[in-house]
Amino acid sequence: MASRTNQRVLLGCALLCAAALPYADSSRLSAAESQPQPSVAVANFPIASAARLAGDGKQTRFILDLDQTISFRTATLADPYRVVVDVPQVNFQLAPDTGAGRGLVKAFRYGLVMPGGSRIVFDLTGPAKIANSYVLEAANGQPARLVLELEEVDRAAFVQSPAPENRPELRPTIAAATPATVPVVAPEPAQQKPGAPADGRPVVVIDPGHGGIDNGTQSSGESEKNLVLAFGLALRERLEKTSKYRVVMTRDDDTFIPLNDRTKVARTLKAALFVSIHADALPRAEGDAQGATIYTLSDKASDAEAERLADAENRADAIAGFNLAEEPTDVADILIDLTQRETRTFSNRFAHLLMGEMKTTVRMHKHPLKSAGFRVLKAPDVPSVLVEIGYVSNKGDLEHLVSEGWRSRAVGSMAQAIDVFLAKRMATAGSGN
């Protein structure tokens, strides 16, 4: 039987090819079809060894050095102006400082967006068109190269597009290929013996923030996406040892997951609790802050910092190339006021329990309980909290975040809070009250 990793890669590759990588603005979609897409093997991903920009504010060229030719697709997006390049899964072995801007490009980022698929996103200084894009084969001692040539245009030229009825479905289908949702949402039927009772344990969903192309906050060579993934994996291990819960992670590797798909995992499984893990950072101009903070959902932010953080976290989909903030979801169809009020009450109850447990083992923020309009907390029927386990911008916090000892203590206190909260909920449910 193939390993779960191999299954994920093959599934993602198949969907990547079959879906032809849908885009948020397919009217400006182009493709390079001259090279066949290589088959995806775990140990044989194309390697990107260097990337650079050249040119000025009128014309800018991007060059990516590769060890083999690849296929690719491109799209331009407005508000903000961006260029998106989707490629088969690439092993990016680029210098740590790669991504600085030049000419028409303010900055660019890269990473995994689904099994078998990577993405490069360019933030532009203004409207620009893709004047040319192609792949060069290796020759004369030079590596294979992906080349993208951008030219400045005015907004009117940028937004010209066919009538809406000529456009295919705009919503990306990343969710269908996301490894964190596909294999773990439901166990395979073969895993349950005939006649055996269904797994009635409460479902706890752990949501490590960011991932893939979205690094989150960064400091001293550490990325939020890696820190919170390590924390989430440790929490899953701790909870699974008790055998009390069915524990599901929205991602258990370096993959990008859209915000709406994170909440869908919890709602699909009728989760008893959703815990999103993050690590904040403050710009130098805003001073210093330290300690863990626990956030719940509210329509009005509890303070300016909570509002800033929610705004930043809610832009995750835009960071990956597509802003799905205005996309309709099935949540909108079931927003029953009474259910949502009850859910928020349970969320606040767990937040207080969690603060009480964590403050005995780890440093907490001076205002440890806050609220704001986080999209990832908006499932109306699943108690949800977002925990900022520390500030990567604070030297002391960062030392804790990379420490296995600190992580073990923090995970222990979080697991204890989950135990107390769910024991009370299950007891109440069992009594029929």
Side-chain angles (χ1 to χ4, degrees), residues 9 12-13 16-17 19-26 28-41 44-56 59-77 81-124 128-152 172 174 212-215 254 256 319-322:
V9 171
C13 184
L16 186 71
C17 299
L21 293 173
Y23 286 90
D25 196 340
S26 56
R28 291 190 287 274
L29 187 65
S30 63
E33 305 292 354
S34 58
Q35 300 295 333
Q37 180 166 316
S39 61
V40 178
N44 195 35
F45 292 126
I47 296 173
S49 56
R52 55 199 174 279
L53 292 164
D56 53 30
Q59 295 180 316
T60 303
R61 173 181 291 182
F62 169 76
I63 302 170
L64 182 70
D65 291 346
L66 298 155
D67 69 339
Q68 59 184 281
T69 57
I70 59 173
S71 60
F72 68 95
R73 295 176 68 87
T74 64
T76 53
L77 307 171
Y81 295 111
R82 286 158 291 160
V83 168
V84 175
V85 179
D86 275 354
V87 296
Q89 185 164 341
V90 169
N91 181 357
F92 289 101
Q93 297 182 5
L94 307 182
D97 57 350
T98 300
R102 177 170 178 168
L104 293 167
V105 177
K106 288 194 292 187
F108 67 92
R109 53 193 173 273
Y110 47 88
L112 192 68
V113 290
M114 60 189 289
S118 295
R119 177 170 293 165
I120 308 169
V121 179
F122 300 86
D123 297 316
L124 304 181
K129 71 175 183 179
I130 301 170
N132 203 0
S133 57
Y134 50 91
V135 170
L136 297 173
E137 293 186 358
N140 301 321
Q142 298 299 315
R145 286 170 173 166
L146 168 63
V147 181
L148 195 71
E149 297 177 352
L150 306 176
E151 287 186 3
E152 183 183 38
I174 294 174
I213 194 171
D214 179 11
N215 290 315
D254 187 18
F256 171 77
I319 286 172
F322 301 109

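Note that the structure is a prediction, hence the values are computed from the model and not measured.
Contact between S71 and P88 at its shortest, heavy atoms only, is O-CD, 3.1 Å. V121 approaches A320 most closely through the heavy-atom pair CG2-O, 3.6 Å. Residues A48 and L64 share a closest heavy-atom pair of CB-CD1, 3.8 Å. Counting all heavy atoms, side chain and backbone alike, V135 lies closest to I70 at CG2-O, 3.3 Å.
Checked against side chain to side chain contact (heavy atoms under 4.5 Å, CB included), L112 has the following partners two or more places apart in sequence or in another chain: Q89, S118, T255. Listed by chain and residue number, F62, F108 satisfy the ring pair (Phe, Tyr, Trp, His ring centres under 6.0 Å) test with F122 (two or more places apart in sequence, or in another chain). Among residues two or more places apart in sequence or in another chain, the side chain to side chain donor-acceptor pair (under 3.5 Å) test is passed with E151 by Q59. Among residues two or more places apart in sequence or in another chain, the side chain to side chain contact (heavy atoms under 4.5 Å, CB included) test is passed with A95 by D97, T98. Qualifying salt bridge (charged side-chain N to carboxylate O under 4.0 Å, His left out) partners for D254, counting only residues two or more places apart in sequence or in other chains: K225. Judged as a side chain to side chain contact (heavy atoms under 4.5 Å, CB included), and not counting sequence neighbours, the contacts of A128 are L104, L124.
Within the structure, salt bridge (Lys or Arg N to Asp or Glu O under 4.0 Å) pairs that include any residue of residues 61-71 comprise R52-D65, R61-E149, D65-R145 (at least two apart or interchain). Residue pairs meeting the salt bridge (Lys or Arg N to Asp or Glu O under 4.0 Å) criterion with at least one member in residues 107-118, sequence neighbours excluded: R109-D123.
Note that CZ of F45 and CD of Q68 are 11.0 Å apart. Values are rounded to the nearest 0.5 Å.
Here the side chains of L150 and I130 are in contact, with some heavy-atom distance below 4.5 Å. The shortest side-chain heavy-atom distance between T76 and K129 does not fall under the 4.5 Å cut-off. Considering only heavy atoms from C-beta on, I213 stays 4.5 Å or farther from I319 through its side chain. Between F92 and I120, some side-chain heavy-atom pair lies under the 4.5 Å cut-off.
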Query raised in the report: For Y110 and V90, what are the C-alpha separation, side-chain angles and deciding distance, and is it a side-chain contact (heavy atoms from CB on, under 4.5 Å)?
Result: CA-CA 10 Å; Y110 47 88; V90 169; over 6 Å; no
Requested in this report: Evaluate the side-chain contact (heavy atoms from CB on, under 4.5 Å) criterion for residues L66 and I47: first the C-alpha distance (whole Å), next the side-chain angles of each, then the deciding distance (0.1 Å), finally the verdict.
Outcome: CA-CA 6 Å; L66 298 155; I47 296 173; over 6 Å; no
Query - Pair L146-V85, side-chain contact (heavy atoms from CB on, under 4.5 Å): steps then yes or no - result: CA-CA 10 Å; L146 168 63; V85 179; 4.2 Å; yes
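Side-chain atoms of R82 come within 3.5 Å of backbone N or O of G321 as a donor-acceptor pair.
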